[in-house]
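Here the structure is a predicted model, which means the values were calculated and not measured.
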Amino acid sequence: DYSSVDGVLFNGEKTMLLLCPSGNARTSYEIPDSVYKIDDYAFQGCSKIESITIPYGVIAIGDRAFSNCKKLRTVTIPDSVELMGIYAFYFCDVLENVTLSKKLKTISNSMFSYCPALEEITIPDGVTTVEAGAFQYCFELESVVIPKSVKTVGENAFHSDSKIADVYYGGTQAEWNEISFGEGNGFLTRSSNNFVWNHVATVLKIFLMPSQMFPRLYLGSPTNWWQG
C-alpha cells in the first residue's frame with residue numbers, strides 16, 4: 001500500500017518516505033514525525049529544496065537520499081539516526097552546514113563527496129570508520145574534528161580537500177598513529193611526520209601557514225604547543 005501527501009510518496013503507514021519527485025517546486029520540507037526511514041533516492045535531484053527538517057525518530061537514511069539537491073544549504077541529522085547510506089548528500093553544491101547524529105558508527109562511502117561549499121565538519125564521537133571518498137572534493141573544507149573513536153579512514157576520504165587548515169583530534173599521539181589511513185588523504189595527514197609528540201594531546205590542530213607547502217602541527221593546550 002502507498003499513500004501520497006502533498007505530492008510526496010509514502011508507504012501506507014507513512015513510516016517510510018519513498019519519493020519526493022524531483023520536479024517538485026517546494027523550497028522547504030518538514031518530514032512527518034511518523035517517518036522512521038527515508039528511502040534510497042527519496043529526494044535525489046530535488047533542485048528547489050533549500051532546507052529540510054528531519055524529525056527525531058528517523059533511524060535510517062538511504063543511499064543517495066539527498067544527492068544532487070543543488071540548493072540545499074544546511075541539514076541537521078537528528079541523534080535518532082543510526083544508519084546513513086552511500087552518496088547520501090553527493091553533489092549538494094551549496095551545502096554549507098552539517099550536523100551529524102551522535103549514534104552514527106560509520107560515515108559511508110562518498111556521503112558528502114562533491115559538496116564544494118562545506119567549510120567544516122565534526123565527526124561525532126562513536127564513529128569508528130570514515131569510508132572511502134566520504135568528503136572528497138569538498139574544496140572549501142577548512143576544519144575537521146575527528147574523535148579518537150575513529151579507527152579507519154578509507155581511501156580518498158579527504159581527497160582534493162586542499163584548504164584543510166585545522167584538524168582537531170580527541171586522542172593521543174599513539175592513538176592517532178594507530179588510525180588506518182587509506183591512500184589519498186595527504187591533506188589530512190602529511191604534516192604529522194614533521195613534529196615531535198611529547199604529551200597527551202587534548203586537541204590536535206593543523207594550521208596552514210602561508211610560507212609552507214604543508215601544514216604545521218600543534219599539540220595540546222595553546223601554551224604547550226610544539227612545532228617542528
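- Counting non-hydrogen atoms of other residues, nucleotides and ligands closer than 6.0 Å to CD of E82 gives a total above 12.
- Two residues are said to be in side-chain contact when any heavy atoms from C-beta on lie closer than 4.5 Å; F43 and N68 fail this criterion.
- No donor-acceptor pair under 3.5 Å is formed between the side chain of S47 and the backbone N or O of C69.
- Between the side chain of S113 and the backbone N or O of F135, no donor-acceptor pair lies under 3.5 Å.
- Side chains of V81 and I59 form no contact here, defined as non-hydrogen atoms less than 4.5 Å apart.
- More than 12 heavy-atom neighbours from other residues, nucleotides or ligands sit within 6.0 angstrom of CD on E96.
- Using a 4.5 Å heavy-atom cutoff, the side chains of L95 and F112 are in contact.
- In this structure a side-chain-to-backbone donor-acceptor pair under 3.5 Å is missing from T99 to T76.
- Applying the side chain to side chain donor-acceptor pair (under 3.5 Å) criterion to T53, with sequence neighbours excluded, gives no partner residue.
- Counting heavy atoms from C-beta outward, T27 and S51 have side chains that stay 4.5 Å or more apart.
- By the 30° and 60° cut-offs, the orientation of the rings of Y114 relative to Y90 is perpendicular.
- In the hydrophobic cluster analysis, where Ile, Leu, Val, Met, Phe, Trp and Tyr join through side-chain heavy atoms closer than 4.5 angstrom, V35 is grouped apart from L18.
- The residues K163 and E140 are annotated as salt-bridged, a charged nitrogen and a carboxylate oxygen being separated by less than 4.0 angstrom.
- Heavy-atom contacts from other residues, nucleotides or ligands closer than 6.0 Å to OH of Y29 number more than 12.
- L72 has its side chain within reach of I52: a pair of non-hydrogen atoms, C-beta onward, lies under 4.5 Å apart.
- With respect to the salt-bridge test (charged N to carboxylate O, under 4.0 angstrom), the residues K70 and D93 qualify.
- Within the 4.5 Å cutoff, side-chain heavy atoms of K14 are placed close to those of S3.
- Two residues are said to be in side-chain contact when any heavy atoms from C-beta on lie closer than 4.5 Å; M16 and F10 fail this criterion.
- The number of heavy atoms from other shown groups lying within 6.0 Å of OH (Y2) does not exceed 12.
- By the 4.5 Å heavy-atom criterion applied to side chains, V5 and V8 are not counted as neighbours.
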For residues 124-134, dump all side-chain donor-acceptor pairs below 3.5 Å to protein atoms at least two apart in sequence or in another chain.
{"residue": "T128", "atom": "OG1", "partner": "K105", "partner atom": "O", "Å": "3.3"}
{"residue": "E131", "atom": "OE1", "partner": "N109", "partner atom": "N", "Å": "2.8"}

